[in-house]
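Following: one structure in structure tokens, then a few remarks.
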Amino acid sequence: MKPLVIKDVSIGEGAPKTIVSVMDATTEGALATIDQGLAAGVDCFEWRVDFSENVHDPAAAAEESRVLAQALPKNPLLFTFRSTSQGGQLTIPVEEYVTLNKAVIEAEAIDMVDIETWIGDAAVSDLVACAHAHGVAAVVSYHNFAGTPSKDWMVVLLTHMQDLGADIPKIAVMAKTPADALELLAATEEMARLHAQGPLLTMAMGRDGSITRLAGELFGSALTFCALENASAPGQVDVSQARRIMADLHEVLGK
């Protein structure tokens with residue numbers, strides 16, 4: 001698996017890199033959250049525009065992306081509009097979704113963009129091409145809050161995301177039992193070992209899935225979403241605790 005190097009962060013090399021979600025309505029609030037995350041040693045930041053007051057104004061969102069990126073000269077910035085069905089704040093038509101994402105991509109301030117699979121392969125491919133044309137890495141994502149699909153189904157989806165041009169295929173599923181967490185880890189390991197051309201981002205949400213957010217170095221997930229103050233999904237581990245646990249695992253795995 002070839003690491004993805006963005007700014008000063010090598011995603012897919014060593015312990016999983018931490019990422020926290022910036023879920024503030026205003027630019028000022030987002031900058032304060034970024035400052036807090038930097039002080040905590042966070043590696044990457046996800047700007048959740050579905051929380052932003054600029055969500056329905058592509059030009060304003062593009063300008064806000066420039067301001068936030070200026071605060072992160074060494075840390076990658078991921079732009080995400082998270083739809084309701086995927087755990088977000090609201091849903092907009094596909095055309096508006098594409099327009100918003102393209103406006104921010106074309107501002108060439110962000111480093112990565114999250115593209116949800118529900119918009120369809122044609123729209124995903126269109127946004128991936130736009131991202132790559134502007135030097136932005138594509139995170140193609142799928143979220144399932146109802147449960148955990150089979151290992152084989154998840155491997156097929158991760159492979160399909162990669163075929164669509166994803167630089168980082170992402171799957172988040174809900175673990176209702178420890179067995180669900182094992183299913184997600186097995187899918188991640190198989191994808192990493194047999195198919196992956198770059199980093200993966202996988203997790204099982206919920207209490208029973210928390211272990212999947214910490215054991216990525218062994219199974220093949222290169223990023224882990226953590227909680228700063230407020231979690232953006234069930235089962236997230238506090239960033240300081242996650243960094244400590246993953247550092248200990250990294251030391252053990254290196255022996």
- Message: I'd like to know if the side chain of R243 and the backbone of A40 have a donor-acceptor N/O pair within less than 3.5 Å.
- Response: yes

- Query: Checking S83 side chain against Q86 main chain: does a donor-acceptor pair fall under 3.5 Å?
  - Reply: no

- Side-chain (Q162) to main-chain (Q197) donor-acceptor, under 3.5 angstrom: yes

- Message: Taking A122's backbone N and O only, do any of them form a donor-acceptor pair with S125's side chain (distance below 3.5 Å, no angle check)?
- Response: no

- Item | Residue pair T84 / Q89, side-chain donor-acceptor N/O under 3.5 Å | no

- Message: I'd like to know if the side chain of D43 reaches the main chain of T18, judged simply by a donor and an acceptor atom lying under 3.5 Å from each other, with no hydrogens or angles considered.
- Response: yes

- Message: What I want to find out is whether R82 reaches E116 closely enough, with some N-O distance under 4.0 Å, to be called a salt bridge.
- Response: yes

- Without hydrogens or angle criteria, can the side chains of S21 and E46 be said to hold a donor-acceptor pair below 3.5 Å? yes

- Mind telling me whether F81 and Y97 have parallel, tilted or perpendicular rings, with 30° and 60° as the class edges? perpendicular

- Message: Can a donor-acceptor pair be found, under 3.5 Å and without considering hydrogens, that links the side chain of K17 to the backbone of S10?
- Response: yes

- What residue among V113, L127, V124 forms side chain to side chain contact (heavy atoms under 4.5 Å, CB included) with V140? V124

- Item | Pairing of D126 and K102 as salt bridge, 4.0 angstrom limit | yes

- Would you find a donor on one side and an acceptor on the other, under 3.5 Å apart, between the side chain of T33 and the backbone of G29? yes

- Heavy-atom nearest pair, A222 first then I11, reads CB-CG2, 3.9 Å

- Query: Which residues satisfy the salt bridge (Lys or Arg N to Asp or Glu O under 4.0 Å) test with D111, sequence neighbours excluded?
  - Reply: K7

- Query: Between D114 and F79, is there a donor-acceptor pair closer than 3.5 Å when you use the side chain of the first and the backbone of the second?
  - Reply: no

- Distance in Å, I115 CD1 paired with K170 NZ, rounded so as to fall on 0.5 Å steps: 12.5 Å

- What's in the same ILVMFWY side-chain cluster as F51, cut-off under 4.5 Å, chained through other members? M23

- Item | Residues clustered with L249, ILVMFWY side-chain links under 4.5 angstrom | L214, V237, I245, M246

